[in-house]
Every structure is written in C-alpha cells, then in structure tokens.
There are 2 protein chains.
Amino acid sequence: MLRISKRVEYGLMALQYLAKSGQVATTREISDSSNIPHDLLAKVMQSMKRNGIIDSFQGVRGGYRLLLSPEQITLNRVVFSLDEETAITECASENPEHATCAMFDTCTIKVPMQKLQMKLTESVGNMTISELL
Amino acid sequence: MLRISKRVEYGLMALQYLAKSGQVATTREISDSSNIPHDLLAKVMQSMKRNGIIDSFQGVRGGYRLLLSPEQITLNRVVFSLDEETAITECASENPEHATCAMFDTCTIKVPMQKLQMKLTESVGNMTISELL
DNA sequence: ATAAGTCGGACTAAATTAGTCCTATTTAAG
DNA sequence: CTTAAATAGGACTAATTTAGTCCGACTTAT
Ligand code: SF4
Ligand code: SF4
C-alpha cells in the first residue's frame, strides 16, 4: 500500500543489530555487517539519537547503544525520527507547517483521511520493534 | 507513517462522488466538483475501470458508474488498481518483477517487513470505502 | 456530421528520497 | 601532546518516483 523509506529500513536494521549485540556498536560495524551506505547510516543514527531512541559516545571507541528496550520502541517513533513527513496526506500532518494543501477547502475526503491516519498509527505504528525483529 | 498518492486520493474522491450520486457521472463533472486535474483523473478512472471497480460508457452522455457497492470496495483494491507499487518494501512485493533488492541476501529484516506488510494489508487495507466515506 | 465522451500511450515537470562529501569536534590510546 | 577513530552536522548531487500534460484514436447520442 505504501512504501517504507530506506532510512527507516536502515534504522530498523541498526536497532536490530544494537539489540542483538547489547553492546556499544559503531556505524562502521553496522554498515559493514548490513551493506548499508556508511554515510547514510551515520545520518540515520544521528536522527535516532536526537529522538532519544539511542545513545552515543564520541571519540575513539565511541559508538551507539540502545537507550530504550525493544519493547519500548514503537515503529511510529522510529519513523517519526527518520522521515521528513510521516502523515498519510498533507492535511493529516500534525505539523501545521506541512498542512497547506491547495484543495483543503473543497476536499471531501479530509475526515476519511484522518480516520485512516489514526487507524494506521494505532494498528501498525504502535507495534514495537520487539514484535517485529 | 507513509504517504498516500494523489492518484489514490483522487480515486477515493471519485468513488465517493459516484456513490453519492448513484448515477453515471463524467470525469469532467467529478474533476470540476473536486478541483482535480481533469486529465489525471481520467487516467485514474481508466485504471479503476480496468480493475473492475467501476464501469464505463463511451460516447456522448457516457461516463462512469460504480460496479461494486461501497461495502465491497476495499482500500487495498483501490490502491492496487492505482499505484505502481503497493508493497511496503521492494522484497515484500507480490510482483516478482519488482523484487530485485540488491541486499536481499544479507538483509536481516526481510521477515519483519513481510509481517508488517501483512499487518498493514489486513488491518488498514481491508477497510472498505463504506467505512471511510 | 458533430460534439461529448472514454481510451491509452508518450512525454515533461516537480517533488521526494537516496546517497555523497566535507569540515568540525570529541576522546581513547600511544 | 599527537594521532586516529569515532560522532555531529550542513550542503550538495544524483536517482527515482509521482504528478501532471498533451495528443491522437475511438465511440456514440443527438
Ligand atoms: S485536503 Fe484533501 S486533497 Fe488536500 S491533502 Fe487532505 S485529503 Fe488530500
Ligand atoms: S531485502 Fe531487506 S533491504 Fe531489500 S527491500 Fe527487503 S527489507 Fe529492504
């Protein structure tokens, strides 16, 4: 129905890696093990760090570590930390900056789209990565 | 979480219009009433016709008509008829043509992604437009 | 005959996403 | 106290996908 971004795919791979190792791991380690473009993964890790899903240590022997247990990390949170726009339509965005659809006034499916958005967030987005990985 | 395409939005608007009118309606009529680019809507209607959701009449006084009741039309079906690719990831595609991900062999999240795909299809995709519109 | 419609392919434009590159900062270790 | 391995983050380019346009053919009620 709808495509998941590479950023999210990479993020999930990395979270899985961190969960399995239980240790601090570097982006190099993760990108090598999963064939992910290193620089891109670096961005992904930084985003998840800012969101508070993971923790970082700078400098030599630095890296990332899970800050939450897999049971606490929802898909919603991962997606939200990694994608620019997470709403199903422009108007369903929580961020009013992004809600500037030109046909907003005449649109007859705004409410349905909100419903869909809720359903999606609740039934799929609230899954945790422990249920998935 | 994931964005719905304009084609699907337009398709839903059109189906709503057809459901409400109960009559045969032209793309012009629908595109005018909803401010949808006419030529684009025409494509959308053609796609839904091919899928068997709607019915068409050519020539003067032609147009489209619902072929199924709103209770019979699932979101999945609408999306499937209108979007190129409907799978959440490349590898989750039912169409093997589209399943050529370069990292398939080493990927550690294939199974999770399949699960996600199923969950999405079942809990959101199986909603009918009568539940929505 | 004509005008109002669908049909469908090819094309262009716009937007989004993926990926790269470069520089700065932090810090363990020699 | 220097070096190398790491994160931090901004700017940029490339690739892909989606949105939208255009044109010519066919169909049919009037
Ligand atoms: S207002 Fe209507 S057309 Fe605009 S984004 Fe929302 S649903 Fe889509
Ligand atoms: S194989 Fe892995 S990386 Fe490739 S599309 Fe499937 S989930 Fe994504």
Output the single nucleotide from D/dT30, C/dC7, C/dC21 whose closest atom is nearest the side chain of A/Asp39.
-> C/dC21
Taking the hydrophobic residues Ile, Leu, Val, Met, Phe, Trp and Tyr, and joining any pair whose side-chain heavy atoms are under 4.5 Å apart, which ones share a cluster with B/Val111?
-> none
Of B/Gly63 and A/Gly59, the one whose closest nucleotide on DNA chain C sits nearer the 5' end is B/Gly63
If you take all heavy atoms of B/Ser5 and B/Asp83, which pair is closest and at what distance?
-> OG-OD1, 2.7 Å
With sequence neighbours excluded, residues passing side chain to side chain contact (heavy atoms under 4.5 Å, CB included) with B/Ser33 = B/Tyr17
State which residues pass salt bridge (Lys or Arg N to Asp or Glu O under 4.0 Å) with B/Arg50; sequence neighbours excluded, sorted by chain then number.
-> none
On a heavy-atom basis, the closest approach of A/Leu133 and A/Gln16 is CD1-CB, 3.7 Å
Classify every nucleotide of nucleotides 13-19 of chain D by which part a protein heavy atom approaches to under 4.0 Å, writing B for the base, S for the sugar-phosphate alone and - for neither, in 5'-to-3' order.
-> ------S
A/Thr26 side chain, from C-beta outward: closest of D/dA4, D/dA6, D/dT27 | D/dA6
Round to the nearest Å and state the distance from A/Gln58 atom CD to D/dA4 atom C1'.
-> 15 Å
Just by distance, with hydrogens left out, do B/Gln23 and B/Ser21 show a side-chain donor and acceptor under 3.5 Å apart?
-> no
I'd like a table of atom pairs between the protein and nucleotides 10-12 of chain C - only N or O on both sides, under 3.5 Å - with the distance next to each one.
{"unit_1": "C/dA10", "atom_1": "N6", "unit_2": "B/Lys43", "atom_2": "NZ", "d": "3.3"}

A/Lys43 vs A/Asp39, side chain to side chain contact (heavy atoms under 4.5 Å, CB included): CA-CA, chis, key distance, verdict = CA-CA 7 Å; A/Lys43 293 300 171 55; A/Asp39 287 1; over 6 Å; no
Using whole Å, report how far CE of B/Met45 lies from P of D/dG20.
-> 17 Å
For B/Leu41 and D/dT21, what is the distance between atoms CG and P respectively, to the nearest whole Å?
-> 12 Å
In a check of side-chain contact (heavy atoms from CB on, under 4.5 Å) between A/Ile73 and each of A/Asn51, A/Leu66, A/Leu12, A/Thr128, which one passes?
-> A/Leu66
B/Ser56 side chain near C/dC7 phosphate (N/O to OP1/OP2, under 4.0 Å) = yes
Can you check the A/Arg61 CZ to D/dA6 P distance for me, whole Å?
-> 9 Å
Distance, rounded to the nearest Å, where B/Arg28 contributes CZ and C/dG5 contributes P | 8 Å
Check which hydrophobic residues are tied to B/Phe57 through side-chain heavy-atom contacts below 4.5 Å, counting indirect links as well, and list them.
-> B/Val24
Of the candidate nucleotides D/dA4, D/dC26, D/dA8, which contains the atom at the shortest distance from the side chain of A/Val60?
-> D/dA4
Decide yes or no for A/Gln117 and A/Thr89: does some side-chain heavy atom of the first lie under 4.5 Å from some side-chain heavy atom of the second?
-> no
Closest to side chain of B/Pro37, choosing from D/dG20, D/dT27, D/dT7 = D/dG20
OP1 or OP2 of D/dA6 under 4.0 Å from side-chain N/O of A/Thr27 = no
For C/dC7, does OP1 or OP2 lie under 4.0 Å from any side-chain N or O of B/Arg50?
-> no
To the nearest Å, give me how far apart CD (B/Glu9) and P (D/dG20) are.
-> 10 Å
For DNA chain C, whose closest nucleotide is more 5', that of A/Phe57 or that of A/Val8?
-> A/Val8
Length of the line joining B/Asp32:CG and C/dA4:C1', which is rounded to integer Å = 14 Å
Starting at atom CD of A/Gln46, determine the distance to atom C1' of C/dA24, rounded to an integer number of angstrom.
-> 12 Å
